There are 2 protein chains.
Amino acid sequence: MAENKERHESEPTAALRESSLRVTKQRVAVLAAVCDHQHADTETVIRAVRENLPEVSHQAVYDSLHTLTEVGLVRCIQPSGSVARYERRIGDNHHHLVCRSCNLIVDVDCTVGQAPCLTPSHDAGFVIEQAEVTFWGLCPDCAASAAPSVSPEPASAV
Amino acid sequence: MAENKERHESEPTAALRESSLRVTKQRVAVLAAVCDHQHADTETVIRAVRENLPEVSHQAVYDSLHTLTEVGLVRCIQPSGSVARYERRIGDNHHHLVCRSCNLIVDVDCTVGQAPCLTPSHDAGFVIEQAEVTFWGLCPDCAASAAPSVSPEPASAV
DNA sequence: ATCGTTTCCTTGACTCATTCAAGAAAAGGC
DNA sequence: GCCTTTTCTTGAATGAGTCAAGGAAACGAT
């Protein structure tokens with residue numbers, strides 16, 4: 001049982017150690033909460049963390065999320081009009097579909113092997129670190145309820 | 001001279017009429033301000049508008065920007081960590097370079113003719129309306145002052 | 001195991017972009 | 001020019017996120 005508990009904590013804990021961060025129960029809980037809640041906003045993370053650690057301050061969560069983002073253990077995304085959202089899936093090249101109606105966010109893989117549009121035609125001398133792609137549209141549910149009679153012709157993505 | 005003044009006002013005014021919006025001096029001034037200031041935030045627009053119309057309320061500017069965005073006369077962009085910014089260039093498929101250091105924003109055209117990455121490999125059933133691409137990196141000035149000795153090997157864009 | 005230093009967390013106040021609401025003013029069709 | 005509708009002004013409110021000071025915990029060294 002103790003072994004089981006240890007094993008349960010080991011992943012976030014190990015990740016923190018690997019990033020040379022002090023292992024605190026607040027950080028472990030925040031990292032676990034981000035794992036458990038896809039694209040959670042800070043409010044959601046705070047609620048999730050407080051299920052196990054009722055006394056965490058919102059500031060601890062903000063600090064932890066910032067620190068985890070800095071060392072690259074989580075990624076922060078912020079589609080226009082949205083508050084900051086966090087995800088554990090990192091290091092791969094994935095992008096996001098955002099529903100204009102219900103704000104659902106879904107991961108999408110980048111088309112494998114080719115990304116011509118992600119090397120801008122003229123980079124204005126910038127040193128580019130990252131290309132971030134957000135697809136805006138309607139999720140299946142919202143699309144169905146918004147225009148059930150319209151033929152589902154695929155909208156031009158660009 | 002009167003003709004000149006009319007001609008000066010005619011473009012924003014005509015645009016408003018074409019969009020079936022009431023032509024108010026506040027809206028005309030807001031639209032002109034967005035034309036004159038690339039990627040201006042609301043604060044900048046307010047200051048610019050007040051050069052000609054010292055008494056405009058900030059609310060009028062907020063309302064105008066929302067209305068103009070709704071009808072598609074301006075576009076609102078909001079890179080992570082930034083307040084809302086507006087631009088007049090619309091209808092084409094251009095994206096943005098954002099400097100992580102000084103927050104400079106520069107337009108980039110999409111590579112012409114091809115956009116494979118902008119049709120996600122798996123669209124999760126979404127009806128996609130728009131793909132928004134943001135390139136994060138360092139502008140020439142910040143790159144030069146940040147790491148003058150590092151060889152300028154091109155960072156992977158993805 | 002305990003100590004001491006460094007880092008982190010709690011508490012509570014604060015900032016600031018944006019929004020809300022009510023009444024006054026202007027736009028545009030008649 | 002009048003009337004209705006829309007928009008603007010004024011002033012207060014909201015809420016995500018930040019700042020700052022002191023107490024608590026982490027962890028390397030003793």
Side-chain angles (χ1 to χ4, degrees), chain A residues 9 12-34 39-50 52-71 73-74 76-86 103, chain B residues 9 12-34 39-50 52-71 73-74 76-86 103:
Chain A
E9 282 190 359
T13 299
L16 289 169
R17 280 197 212 289
E18 277 165 30
S19 299
S20 308
L21 294 179
R22 289 198 176 177
V23 178
T24 68
K25 55 192 176 194
Q26 291 89 343
R27 282 177 178 169
V28 172
V30 167
L31 189 48
V34 174
H39 311 118
D41 58 16
T42 309
E43 173 67 25
T44 302
V45 174
I46 290 175
R47 277 205 306 271
V49 169
R50 285 187 176 156
N52 297 317
L53 255 58
E55 302 304 317
V56 253
S57 63
H58 74 149
Q59 193 60 248
V61 176
Y62 273 100
D63 285 351
S64 298
L65 288 171
H66 287 169
T67 306
L68 294 172
T69 302
E70 254 170 44
V71 301
L73 286 178
V74 304
C76 176
I77 60 171
Q78 216 171 335
S80 286
S82 170
V83 296
R85 291 168 178 278
Y86 296 86
N103 297 314
Chain B
E9 282 190 359
T13 300
L16 289 170
R17 280 196 213 290
E18 277 165 29
S19 299
S20 308
L21 293 179
R22 289 195 175 179
V23 178
T24 68
K25 56 193 175 193
Q26 290 88 345
R27 281 178 179 168
V28 171
V30 167
L31 190 47
V34 174
H39 311 118
D41 59 15
T42 309
E43 174 67 24
T44 302
V45 174
I46 291 175
R47 277 206 305 272
V49 168
R50 284 187 178 157
N52 297 317
L53 255 59
E55 300 304 316
V56 255
S57 63
H58 75 151
Q59 192 60 248
V61 175
Y62 273 98
D63 285 350
S64 298
L65 287 171
H66 286 169
T67 307
L68 294 172
T69 302
E70 255 170 43
V71 302
L73 286 178
V74 304
C76 176
I77 60 171
Q78 216 171 335
S80 286
S82 169
V83 296
R85 291 170 177 276
Y86 296 87
N103 297 314

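Since this is a predicted model, take the numbers as computed values, not measurements. Per chain, numbering begins at 1; letters A, B, ... match sequence-line order.
For DNA chain C, the contact window with chain A, defined by any atom under 4.0 Å from a protein heavy atom, covers C:dT6 to C:dG12 in 5' to 3' order.
Residue A:Glu55 is classed as a sugar-phosphate contact, given heavy-atom separations below 4.0 Å to backbone atoms only.
Annotation for A:Arg50 and A:Val56: closest pair NH2-O, 2.8 Å, computed over non-hydrogen atoms. Nearest heavy atoms, B:Gln78 versus A:Ser80: CB-OG, 3.2 Å. Residues B:Ala33 and B:Val49 come closest through the heavy atom pair CB-CG2, 4.0 Å. The nearest pair of heavy atoms linking A:Tyr86 to A:Leu65 is CE1-CD1, 3.6 Å.
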Under 3.5 Å between N/O atoms: give me all the protein pairs with nucleotides 27-30 of chain D, atom names plus distance.
from	atom 1	to	atom 2	distance (Å)
D:dC27	OP1	A:Val23	N	2.9

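The distance from atom NE2 of A:His66 to atom SG of A:Cys76, rounded to the nearest 0.5 Å, is 7.0 Å. Rounding to the nearest 0.5 Å gives a distance of 11.5 Å between CG of A:Leu31 and OG1 of A:Thr67. Taken from CG in A:Leu16 to CG in A:Leu73, the straight-line distance is 6.5 Å, to the nearest 0.5 Å. Rounding to the nearest 0.5 Å gives a distance of 11.5 Å between OG1 of B:Thr13 and CG of B:Leu21.
For A:Gln26 and A:Ala84, each mapped to the nucleotide of DNA chain D holding its nearest heavy atom, the one lying further toward the 5' end belongs to A:Ala84.
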Sequence neighbours excluded and cut-off under 3.5 Å, please list the side-chain donor-acceptor pairs for residues 22-29 of chain A, or say none.
from	atom 1	to	atom 2	distance (Å)
A:Thr24	OG1	A:Arg27	N	3.1
A:Arg27	NH1	A:Arg22	O	3.1

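To the nearest angstrom, P of D:dA16 lies 12 Å from CD of A:Gln78.
End-to-end axis angle of the helix from C:dA1-D:dT30 to C:dC30-D:dG1, from C1' rotation axes over five pairs per end: 40° (rounded to 10 degrees).
Looking at residues two or more places apart in sequence or on another chain, you find a ring pair (Phe, Tyr, Trp, His ring centres under 6.0 Å) between A:His58 and A:Tyr62. For B:Asp41, the side-chain contact (heavy atoms from CB on, under 4.5 Å) partners two or more places apart in sequence, or in a different chain, are B:Glu43, B:Thr44, B:Val83, B:Arg85.
Within residues 58-70 of chain A, the residues that place at least one heavy atom under 4.0 Å from DNA chain C are, in residue-number order, A:Gln59, A:Ala60.
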